[in-house]
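Order of the sequence lines fixes the chain letters, A, B, ..., with proteins taken first and strands second; residue numbering starts at 1 for each chain. Nothing here was measured: the structure is a model prediction, and the numbers come from that model.
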Protein chains: 2
Amino acid sequence: MEQGNIVKKRRHMKILELISSQDIETQDDLSELLRIAGFEVTQATVSRDIRELKLTKSADENGIYKYTISQSEDDKSIGKYGFILRETVVSCEKAHSLVVVKTISGMANAACAAIDHMQWPHVVGTIAGDDTIFIAVKEPEDVKNVVEALNSILSRA
Amino acid sequence: MEQGNIVKKRRHMKILELISSQDIETQDDLSELLRIAGFEVTQATVSRDIRELKLTKSADENGIYKYTISQSEDDKSIGKYGFILRETVVSCEKAHSLVVVKTISGMANAACAAIDHMQWPHVVGTIAGDDTIFIAVKEPEDVKNVVEALNSILSRA
DNA sequence: TCACGGATTGAATAAAAATGCAATAGATTT
DNA sequence: AAATCTATTGCATTTTTATTCAATCCGTGA
């Protein structure tokens with residue numbers, strides 16, 4: 001129950017990818033695109049996903065509606081990257097002088113990009129596999145700080 | 001029907017005030033509140049107003065939907081909130097160690113929300129009544145800076 | 001003043017989104 | 001493994017929102 005449903009998380013990520021790469025006007029359109037991408041879902045599920053992801057539909061400058069990632073106060077400090085981490089990271093632990101992050105299958109690269117984007121001063125390098133990320137830090141004592149920083153992001157609403 | 005162009009602008013401002021001072025779930029609820037406030041409108045008009053104001057409906061932390069002022073135009077947000085301030089603020093003055101802002105009647109909440117969105121570092125707190133806002137700042141000398149910042153926004157074209 | 005033209009609006013309706021319910025998939029405990 | 005939860009989902013339906021169409025309003029220029 002801590003980890004949740006993997007398929008659902010993958011679908012959520014796909015939804016974020018879809019709405020940030022193209023204009024989507026309706027939930028039906030979105031579920032059709034998800035179906036093409038291999039996610040068999042109905043509009044009802046998309047509606048629930050949208051509530052959980054706190055997506056918004058609003059008019060653009062031409063008055064055309066489209067779904068967008070909302071920028072709530074919470075997200076503002078870390079942007080949508082923190083959001084991606086919360087959606088993909090399963091665990092985050094100290095391992096000797098490295099930080100080892102586990103993600104849901106296939107999501108390590110997305111999560112790693114998010115971590116890189118943070119530009120934390122103590123982080124000197126990252127490597128992403130399929131579901132694992134290694135984070136190298138400057139000093140051994142930085143490991144603890146990075147783990148704490150990550151957990152802080154992961155625990156936000 | 002005594003509705004006109006100016007009435008529409010006033011209604012738009014009233015909508016901004018309403019959604020920034022309370023949680024509103026549906027357009028029907030909003031049109032009911034507008035009716036109470038003296039604006040006789042149907043849901044159809046509210047739908048159009050919402051498109052024009054680029055408002056969004058999204059879930060809060062509890063999954064309850066409510067209408068909010070869009071932050072999708074974060075680059076232009078100063079302009080957007082500045083617009084609200086210019087439309088509502090009557091005066092802005094230093095009062096001891098506070099900044100006191102007077103607005104047209106009933107608009108303090110909308111204006112206060114706009115000020116809050118500026119996220120000025122010197123501002124530590126705000127309180128809005130019906131037509132008055134108190135702004136608390138960190139240091140006494142910050143009062144002057146905030147008054148100047150506000151006046152700068154108010155004097156823009 | 002009167003006629004014209006664009007804007008605004010309400011009523012009705014179409015379109016889109018949210019939800020109650022039941023089935024089932026997954027996890028947890030015994 | 002069986003029993004028991006909890007979470008997820010689709011279907012059907014309700015609720016909510018957007019739009020169409022016609023009427024009315026407002027400003028403008030003759």
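A:S58 contributes atom OG, which lies 12.0 Å from atom CD1 of A:I64 (distance to the nearest 0.5 angstrom). Taken from OG1 in A:T132 to CD1 in A:I127, the straight-line distance is 11.5 Å, to the nearest 0.5 Å. Note that CD1 of B:I133 and CG of B:D130 are 11.0 Å apart. Values are rounded to the nearest 0.5 Å.
C:dG6 atom C1' lies 12 Å from atom NZ of B:K8, rounded to whole Å. Taking atom CD of residue B:E52 and atom P of nucleotide D:dT19, one finds them 12 Å apart after rounding to whole Å. In this structure, B:E40 places its CD atom 13 Å from P of C:dT9, rounding to the nearest Å. Between B:R10 atom CZ and C:dT8 atom C1' the separation is 17 Å, expressed in whole Å.
Legend: residues meeting salt bridge (Lys or Arg N to Asp or Glu O under 4.0 Å) with B:D23, ordered by chain and number and at least two apart, are B:K66. By the side chain to side chain donor-acceptor pair (under 3.5 Å) test, A:K57 is found to be paired with no residue, residues two or more places apart in sequence or in another chain being considered. Looking at residues two or more places apart in sequence or on another chain, you find no side chain to side chain donor-acceptor pair (under 3.5 Å) involving B:T45. The side chain to side chain contact (heavy atoms under 4.5 Å, CB included) search around A:K14 returns A:E17, A:L18, A:L34, A:A37, A:F39, not counting sequence neighbours. The side chain to side chain contact (heavy atoms under 4.5 Å, CB included) test applied to A:S47 returns A:Q27, A:Q43, not counting sequence neighbours. Legend: residues meeting salt bridge (Lys or Arg N to Asp or Glu O under 4.0 Å) with A:R35, ordered by chain and number and at least two apart, are A:E32.
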Taking only N/O atoms, report every protein-nucleotides 22-24 of chain C pair under 3.5 Å with atom names and distance.
none

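The side-chain heavy atoms of A:Y67 and A:L30, taken from C-beta on, include no pair separated by under 4.5 Å.
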The contact string for nucleotides 11-21 of chain C, one letter per nucleotide 5' to 3', using protein heavy atoms under 4.0 Å with B, S and - for base, sugar-phosphate only and none, comes out as B----SBBBB-
Candidate pair A:I104 and A:V90, rule side-chain contact (heavy atoms from CB on, under 4.5 Å), full reasoning | CA-CA 6 Å; A:I104 60 177; A:V90 173; 3.7 Å; yes
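Direction change of the helix axis from one end of the helix from C:dT1-D:dA30 to C:dT30-D:dA1 to the other is 40°, with five pairs defining each end axis (rounded to 10°).
Within a heavy-atom distance below 4.0 Å of DNA chain D, no residue of residues 29-37 of chain A is found.
Applying the salt bridge (charged side-chain N to carboxylate O under 4.0 Å, His left out) definition to pairs two or more places apart or across chains, those involving residues 92-114 of chain B are B:K102-B:D131. The stretch residues 37-53 of chain A participates, sequence neighbours left out, in these salt bridge (charged side-chain N to carboxylate O under 4.0 Å, His left out) pairs: A:K8-A:E52, A:R11-A:D49.
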